[in-house]
Protein chains: 2
Amino acid sequence: MVVRLSDVAARAGVSVKTVSNVANGYLHVKPETRERVQAAIDDLNYRPNLSARSLRQGRSGVIALAVPALDMPYFAELTRAVVEAAAERGWTVLVDQTDGLRERELEVASGLRGHLIDGLILSPVGLEVDELERSKEDTPLVLLGEKIAGGPVDHVAVDNVEAARLATDHLLGLGRKRVAAIGYQARADAASGVAPLRRRGYERSLAAAGITVDAELTPQVAGYRRVDGAHAMETLLALPEPPDAVFCFSDLLALGALRVLAERGLRVPEDVALIGFDDIEDGRYSTPSLSTVAPAKDEIARHAVDMLHDRIAGRDAVPARDVRVGFEIVPRESTLGRGQTGPSGP
Amino acid sequence: MVVRLSDVAARAGVSVKTVSNVANGYLHVKPETRERVQAAIDDLNYRPNLSARSLRQGRSGVIALAVPALDMPYFAELTRAVVEAAAERGWTVLVDQTDGLRERELEVASGLRGHLIDGLILSPVGLEVDELERSKEDTPLVLLGEKIAGGPVDHVAVDNVEAARLATDHLLGLGRKRVAAIGYQARADAASGVAPLRRRGYERSLAAAGITVDAELTPQVAGYRRVDGAHAMETLLALPEPPDAVFCFSDLLALGALRVLAERGLRVPEDVALIGFDDIEDGRYSTPSLSTVAPAKDEIARHAVDMLHDRIAGRDAVPARDVRVGFEIVPRESTLGRGQTGPSGP
DNA sequence: ACCTGGATTTACATCGTTGTAAAGACCGAG
DNA sequence: CTCGGTCTTTACAACGATGTAAATCCAGGT
């Protein structure tokens with residue numbers, strides 16, 4: 001049976017508003033009354049109707065998080081972090097999968113959930129800056145990742161260029177000469193995603209080492225999953241002179257590449273050293289374990305939630321902020337070799 | 001700016017209800033009027049307020065899915081399937097992480113989200129049957145997995161006993177004599193989870209082969225993640241006579257075990273054959289690729305959503321249903337050896 | 001006993017949408 | 001030209017909770 005405030009009120013012999021006051025911890029309620037009302041609430045197992053509350057208050061206590069895919073570990077791990085950070089503010093998170101489709105991202109951003117959500121954290125893949133202009137007015141918005149940096153919207157990301165540069169430096173530091181990169185993308189709408197930034201870092205590192213970028217060593221990928229990494233690695237191994245190190249723009253790409261290397265009987269890192277990006281748990285348990293760039297996911301989540309909180313609190317006057325979070329190069333067996341490191345716990 | 005029905009109505013010169021009718025595709029609206037109203041809706045970029053609609057209709061169009069952890073690939077993949085199945089019904093999914101905590105599961109089940117959700121799909125870990133009695137009255141509920149089978153609630157799962165039996169048969173079929181199992185749990189509240197069922201299947205298979213269960217070969221685990229599998233494998237390898245095959249109750253356990261085997265320089269499957277459970281994508285790209293039991297996740301999701309739909313439609317009279325979905329033994333390199341199979345795409 | 005000001009409690013309107021029922025418009029038949 | 005019936009449109013009352021402002025209570029000071 002559905003229990004309303006009025007049911008509780010009837011049982012406790014007080015007005016509806018008094019029950020509401022008790023339920024919300026309003027101060028000026030006589031202890032004796034409070035007790036009686038609370039008993040009624042407990043007896044009837046009253047739960048406030050959030051739709052009604054939300055309608056009245058204009059706030060639902062729900063925020064949305066839209067990511068390209070939940071079954072990509074990086075986003076799954078990020079989601080966990082966001083859910084936890086949001087919980088600290090008493091928020092519930094509605095998770096949406098966009099599959100990287102512009103259309104779906106736009107739907108989400110323009111309030112598909114119509115006032116059901118108080119704010120949105122979006123990890124855009126296909127969306128362009130200008131398409132966001134309109135929706136921004138509706139729902140407080142925070143962007144994750146580098147897709148739309150420096151735009152008119154709050155934004156959190158790692159310094160991808162610098163991270164990619166250091167990752168490549170790490171490979172060069174091992175003495176490798178032919179360092180490939182897996183993650184270049186041709187898709188027009190990837191023009192402002194992470195790909196070009198990590199690419200820039202990679203090329204910058206090579207340049208600093210006096211190496212010219214070899215187009216053969218930068219195969220295109222269709223996505224950032226294992227299968228894409230596997231294909232790219234096959235392409236690289238088909239070269240007359242294959243690489244002796246590879247920087248993969250995601251850990252999944254690296255794991256796909258690793259799989260192909262193992263199939264071909266090539267040793268990692270002796271024949272080919274490998275470093276990824278994201279620090280997903282999988283990489284700690286692969287054989288060999290995967291060196292990687294570890295973005296501070298918790299920091300990303302916390303900042304995103306905090307910024308959203310500020311926006312919702314109405315500090316609209318504040319101009320859009322751009323937050324950079326830390327990252328760390330984590331060398332493991334795929335670059336250092338066996339016995340240098342064990343797996344670190346999850 | 002917030003746009004309400006009344007704003008649209010004013011602009012189109014009609015009543016609020018007519019706008020509502022147009023927005024909801026009500027039939028008897030003069031084409032001319034419909035057109036004018038639609039134009040106003042588009043101009044003002046009107047979005048219905050779901051809180052209000054939900055309050056009025058008693059339905060929100062949102063269902064919740066509560067899983068133990070989003071960053072465990074099995075649940076991430078299952079979540080994707082549920083989100084897709086729900087979308088076909090026009091439902092949005094609110095994803096909750098319970099971390100396997102009884103308390104959190106109870107909160108979710110007893111309508112923490114207070115009337116915000118129309119139904120709940122719960123994958124329980126800690127909760128007991130009787131604790132659900134009360135909450136059942138509030139929100140339509142469907143359970144996933146075997147934690148609380150045969151109870152008073154709708155329920156979807158694979159036949160874990162049979163699946164485990166066949167997985168073990170597969171190892172025995174390779175001629176292995178010392179087949180270990182990783183996944184036994186001592187926790188009292190795991191008494192009715194998947195562990196005992198898979199355990200029963202394992203023991204049944206051994207019995208049929210005339211082998212007595214060796215307690216040494218069934219180490220306890222604290223959880224079903226990689227780290228737990230790694231620890232258990234270490235325990236097994238410390239035995240005077242280690243196993244020549246291992247059935248892991250989850251793919252993550254198997255991947256943790258695989259990692260340890262590789263560290264010790266043991267060959268899989270030559271020295272130790274390995275089979276997991278869940279068919280997560282990771283297992284297709286590990287080296288060697290992981291043989292596994294593949295539950296029909298899409299079927300699980302579809303059935304769960306369908307059953308929830310029936311409950312929400314009010315067929316309360318129907319007694320609780322118990323649906324078994326299919327599964328498949330997928331042999332890969334970790335039991336068949338190299339070259340027998342390639343990785344199958346994601 | 002009466003007044004004052006703060007503590008408590010209450011009535012009422014309101015959030016935006018939609019079901020209900022009734023009013024208004026319009027058509028062809030008689 | 002009126003009547004009955006269909007098609008359109010509308011007014012109004014909910015849904016459940018809470019902000020507002022007013023009503024009621026009460027203790028302490030005159």
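Per chain, numbering begins at 1; letters A, B, ... match sequence-line order.
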Seminar exercise, completed: 5'-most contact on DNA chain C (nearest-nucleotide basis), A:Arg56 vs A:His28, goes to A:His28
Exercise. Over how many whole Å does the gap from B:Asn24 atom CG to D:dT9 atom C1' extend?
Worked result: 15 Å
Exercise. Distance only, no hydrogens: is a donor on one side chain within 3.5 Å (strictly under) of an acceptor on the other, for A:Ser15 and A:Thr18?
Worked result: yes
For this session: Would you mind telling me which of A:Arg89, A:Arg321, A:Arg311 makes a salt bridge (charged side-chain N to carboxylate O under 4.0 Å, His left out) with A:Asp306?
Result: A:Arg89
Exercise. Are B:Thr18 and D:dT10 close enough that a side-chain N or O sits under 4.0 Å from OP1 or OP2?
Worked result: yes
For this session: Take atom NZ of A:Lys17 and atom P of D:dA22, then tell me their distance rounded to the nearest Å.
Result: 15 Å
Seminar exercise, completed: note: A:Tyr26, atom OH; D:dG19, atom P; distance rounded to Å ~ 10 Å
For this session: Using a 4.0 Å heavy-atom cut-off across all strands, classify A:Val14 as base, sugar-phosphate, or nothing.
Result: sugar-phosphate
Exercise. If only side-chain N and O atoms of B:Tyr46 are considered, is one of them under 4.0 Å from the OP1 or OP2 phosphate oxygen of C:dT17?
Worked result: yes
For this session: Give one of base, sugar-phosphate or nothing for B:Thr33, where a contact means two heavy atoms less than 4.0 Å apart.
Result: sugar-phosphate
For this session: Please determine if a side-chain N or O atom of B:Ser15 lies less than 4.0 Å away from the OP1 or OP2 oxygen of D:dA11.
Result: no
Problem set entry | Between P of D:dT8 and CZ of B:Arg36, the distance in whole Å | 14 Å
For this session: Tell me which of B:Pro31 and A:Ser20 sits closer to the 5' end of DNA chain D, going by the nucleotide each one is nearest to.
Result: B:Pro31
Exercise. Between A:Arg34 and A:Gly25, which heavy-atom pair has the shortest distance, and what is it?
Worked result: NH1-CA, 4.4 Å
For this session: Take the protein atom CG of A:Leu55 and the nucleotide atom P of C:dG16, then report the distance between them rounded to whole Å.
Result: 7 Å
Exercise. Between D:dA17 and A:Ser51, is there an OP1 or OP2 to side-chain N/O distance shorter than 4.0 Å?
Worked result: no
Exercise. Would you say the side chains of A:Ser54 and A:Ser60 form a donor-acceptor pair under 3.5 Å?
Worked result: no
Seminar exercise, completed: In terms of heavy-atom contacts, B:Pro140 and B:Leu308 come closest through O-CD1, 3.6 Å
Exercise. Considering only side-chain heavy atoms of B:Lys30, which listed nucleotide, D:dT8, C:dT17, C:dT9, is closest?
Worked result: D:dT8
Exercise. Nearest to the side chain of B:Pro48, which nucleotide is it out of C:dT17, D:dT9, C:dG19?
Worked result: C:dT17
Exercise. Taking only N and O in the side chain of A:Gln57, is any of them less than 4.0 Å away from OP1 or OP2 of C:dC15?
Worked result: no
For this session: Report the distance from atom CG of A:Asn49 to atom P of C:dC15, rounded to the nearest whole Å.
Result: 18 Å
Problem set entry | Length of the CD-C1' vector between A:Glu32 and D:dC26, whole Å | 14 Å
Problem set entry | Value in whole Å for how far the P atom of C:dG6 lies from CG of A:Leu27 | 16 Å
